[in-house]
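Report on one structure; see the data block that follows.
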Amino acid sequence: MRFDFLTIFPGMVSAFLAEGVVARAIEKGLISVHVVNIRDFAGDPHRTTDDRPYGGGDGMVMKPEPIYGALRSVGREGGRSQVILLSPQGERFDQAMAWDLARYDQLIFLCGRYEGIDERVRLLCADREVSIGDYVLSGGELAAAVVTDAVARLIPGVLGGTRSNLEDTFEGGLLEYPHYTRPEVFMGHRVPAVLLSGNHEKIRRWRRTESLRRTMKRRPDLLERAHLTREDEEILAALRGRGEVRAE
Ligand code: 4GN
């Protein structure tokens with residue numbers, strides 16, 4: 001899978017790509033990344049990428065021509081590709097959208113700066129507009145990095161060894177159970193005894209219970225959409241009976 005980033009701050013994107021899971025995926029040849037400097041496609045000696053807004057007002061707007069030129073310079077991979085504009089006005093990014101995006105051969109991220117980009121870029125260039133959450137960033141680069149990380153870890157082989165993303169928070173529709181490693185006692189807090197018992201069935205049930213308890217307490221909205229087994233329903237009924245979480 002190929003990821004392209006169109007930005008006026010290529011160094012910001014390269015820094016993110018240089019370490020961690022994404023960097024390993026590039027080394028292994030599982031993904032390839034290309035960072036394109038929009039400024040290289042400005043038409044004037046000053047390499048201008050922004051201009052004053054028609055109609056007046058504060059702030060600057062990104063000019064359409066440099067972005068259009070940068071986009072044309074990016075080869076479209078034979079198969080399926082998507083041009084994604086990162087903006088607070090986009091469709092909200094979540095784990096389901098990450099899976100959807102992972103089906104493409106190429107994702108091209110349009111990272112804007114300033115007060116906004118010329119509306120005709122949105123109209124002519126973007127296949128979709130995506131937001132990583134209800135807050136404003138100074139540029140689309142961090143949002144593109146977030147989407148890239150979430151999508152890359154879904155590509156087979158990117159998470160090494162036996163590590164699977166199927167147990168991650170959200171994949172089963174629930175929050176994850178708590179994790180512990182050595183030491184057995186830390187600052188007076190003991191690792192739950194069941195995890196030391198060696199009884200795999202008991203451990204599995206404890207983890208499921210903690211997952212359900214956490215989701216119920218913190219994200220009851222997720223629980224409504226989760227696929228629950230008969231055992232899950234029993235566990236939830238028991239938690240409610242003990243008054244730990246509120247009844248439906
Ligand atoms: C994306 C981009 C927030 C998000 C952004 C988000 C840069 N802020 N919530 N800022 O995903 C106007 C043009 C603002 C670029 C954009």
Quiz item: Out of Thr209, Leu212, Thr215, which one pairs with Leu236 under the side chain to side chain contact (heavy atoms under 4.5 Å, CB included) rule?
Solution: Leu212

Between [X] and [Y], does any side-chain N to carboxylate O distance fall below 4.0 Å?
X	Y	value
Arg113	Glu141	yes
Arg47	Asp40	yes
Asp94	Arg92	no
Glu129	Arg122	yes
Asp100	Arg103	yes
Arg204	Glu231	yes
Asp232	Arg208	yes

Exercise. In sequence, state the C-alpha distance, the side-chain angles, and the governing distance for Ile84 and Leu101, and then conclude on side-chain contact (heavy atoms from CB on, under 4.5 Å).
Key: CA-CA 10 Å; Ile84 300 172; Leu101 293 177; 3.9 Å; yes

Quiz item: Between Thr49 and Arg39, is there a donor-acceptor pair closer than 3.5 Å when you use the side chain of the first and the backbone of the second?
Solution: no

Quiz item: Does Lys28 use its side chain to pair, donor to acceptor, with the backbone of Gly157 at less than 3.5 Å?
Solution: yes

Would you say [X] and [Y] make side-chain contact, with heavy atoms under 4.5 Å?
X	Y	value
Val147	Ile132	yes
Met62	Val121	no
Met97	Val151	no
Arg2	Val74	yes
Leu159	Leu154	no
Arg72	Ile67	no
Cys111	Met12	no
Leu85	Ile117	yes

Quiz prompt | Ring geometry between Phe109 and Phe3 (parallel below 30°, tilted from 30 to 60°, perpendicular above 60°) | solution =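 Parallel, since the angle between the ring planes stays under 30°.
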
Quiz item: Do other residues, nucleotides or ligands put more than 12 heavy atoms under 6.0 Å from Tyr68 OH?
Solution: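 Not buried by this count: 12 neighbours or fewer within 6.0 Å.
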
Practice problem: Would you name the heavy atoms of Gly173 and Ala226 that are closest together and state the gap between them? | Solution: O-CB, 3.8 Å

Quiz item: At their closest point, which heavy atom of Gly198 faces which heavy atom of Ile203, and how far apart are they?
Solution: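 Smallest heavy-atom distance, with atoms named: N-CD1, 4.3 Å.
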
Quiz prompt | side-chain contact (heavy atoms from CB on, under 4.5 Å) between Leu110 and Leu86, intermediate numbers included | solution = CA-CA 6 Å; Leu110 246 171; Leu86 288 315; 5.8 Å; no

Quiz prompt | Under 3.5 Å side-chain donor-acceptor pair for Gln82 and Arg128 | solution =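 Present: a donor and an acceptor within the cut-off.
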
